[in-house]
Amino acid sequence: MRIITWNVNSVRARLDRLLGVLERHEPDAICLQELKMAEEEFPALRLEQAGYHSAIFGQKTYNGVAILSKAPPGNVTRSLEDSADDSQARLIAADVAGVRVISVYVPNGGDVTSEKWSYKLEWLSRLHEYLEAKADPKKPLAVCGDFNITPDDKDVKHPELWAETVLCHREVRGAFDRLIDWGLVDAFRVVHPEGGIYSWWDYRRLGFQKNNGLRIDGILVTKPLAERIQGAFVDRDERKGSKPSDHAPLILDFSD
DNA sequence: ATGGTTGCTTAGCAA
């Protein structure tokens, strides 16, 4: 089973590239983030022609997440399903081929003095509560997405440039560790313990041209799925050429 | 280095 996570930074701007990724990698499931469109605008018909079902949690202009799958998705749920007053579309879950798949777009956090930063920390705490309430560490589960967190300095090309930022701050790394402690494994880390492989390069400061990269995308899996890990890579070529997303797809392979 | 670039929406926000 192949699962991909990719922050497309607008489905509208990236549809041709998305179709290319599906054709090139043939994932069983692909988790998308930053759709930047309402559900009714989502090109579900075009993707169906490419062989994929769509489970969509859209929002006009900002955010938005989806799960595309070859097999029909089951038990689709949207949002963190808690009591918070939250209009941002950042989580969708579905059963795909016996695996509970979740696509998450963790808040970026702006800067550490902003209200966005406290929203990020609260959202991560709510995600932890969501796992406690809705998921089971003993069953196959993959939490896939843009976590807007580098797990470690070895996931940052120039850690000194990013220290104390919202992507590297010890408080979000702590929140990430608490998700892991619930019963998850950073599947990409298992395959590449040495680090030095990145999934996001800032459009600003010509990040890609300088390989000023960070790995803020990931696939976190429960033990029964971790035992099936076969390989992992980032499709760095997808960040090249005309009109790329600022993220590259991160790809995990599991035995069936 | 308080800049830089991209997308959505149309001057400003978010990343």
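All of these numbers come straight from a predicted model, not from anything done at the bench. Lettering of chains follows the sequences in order, A, B, ..., and the numbering in each one begins at 1.
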Counting only side-chain heavy atoms from C-beta out, which of B/dA1, B/dG7, B/dT9 sits nearest to A/K60? B/dT9
In whole Å, I'd like the distance from the CD atom of A/Q59 to the P atom of B/dT9. 11 Å
Carboxylate-amine/guanidinium contact A/R189 A/D152, below 4.0 Å: no
For atom C1', what is the distance between B/dG3 and B/dA15, given to the nearest Å? 15 Å
What one should report as the nearest heavy-atom pair of A/V104 and A/L91 is CG1-CD1, 3.7 Å
Pairwise P distance for B/dT9 and B/dT5, with rounding to whole Å: 22 Å
Which value, in whole Å, describes the distance between the P atoms of nucleotides B/dG7 and B/dT2? 25 Å
Would you kindly give the CZ-to-P distance between A/R12 and B/dG7, to the nearest whole Å? 12 Å
Taking N or O atoms only and anything under 3.5 Å, show me the protein contacts with nucleotides 11-15 of chain B, one pair per line.
| residue | atom | partner | partner atom | Å |
| --- | --- | --- | --- | --- |
| B/dA14 | OP2 | A/K116 | NZ | 3.2 |
| B/dA15 | N6 | A/R204 | NH1 | 3.4 |

Just checking, is any N or O donor in the side chain of A/Y198 or A/N211 under 3.5 Å from an acceptor N or O on the other one? no
Whole-Å gap separating P (B/dT5) and CZ (A/R205): 12 Å
Send over the distance from A/N212 CG to B/dT5 C1', rounded to a whole Å. 14 Å
Rounded distance (Å) that lies between atom P of B/dG7 and atom CG of A/L15: 14 Å
Separation of the P atoms in B/dT6 and B/dA1, to the nearest angstrom: 24 Å
Pair A/D181 + A/R178, salt bridge at N-O below 4.0 Å: no
Validation row, ring centre A/W117 to ring centre A/H169 under 6.0 Å: yes
Rounded distance in Å between the P positions of B/dC8 and B/dG4: 22 Å
Ion pair check, A/D28 and A/R2, cut-off under 4.0 Å: no
Does A/K36 form a side-chain hydrogen bond (donor to acceptor under 3.5 Å, both in side chains) with A/N9? I'd like the steps, not just the answer. CA-CA 7 Å; A/K36 294 189 171 181; A/N9 185 20; 2.9 Å; yes
Position toward the 5' end of DNA chain B (nearest nucleotide), A/K243 or A/L161: A/L161
Distance, rounded to the nearest Å, where A/R17 contributes CZ and B/dT6 contributes P: 12 Å
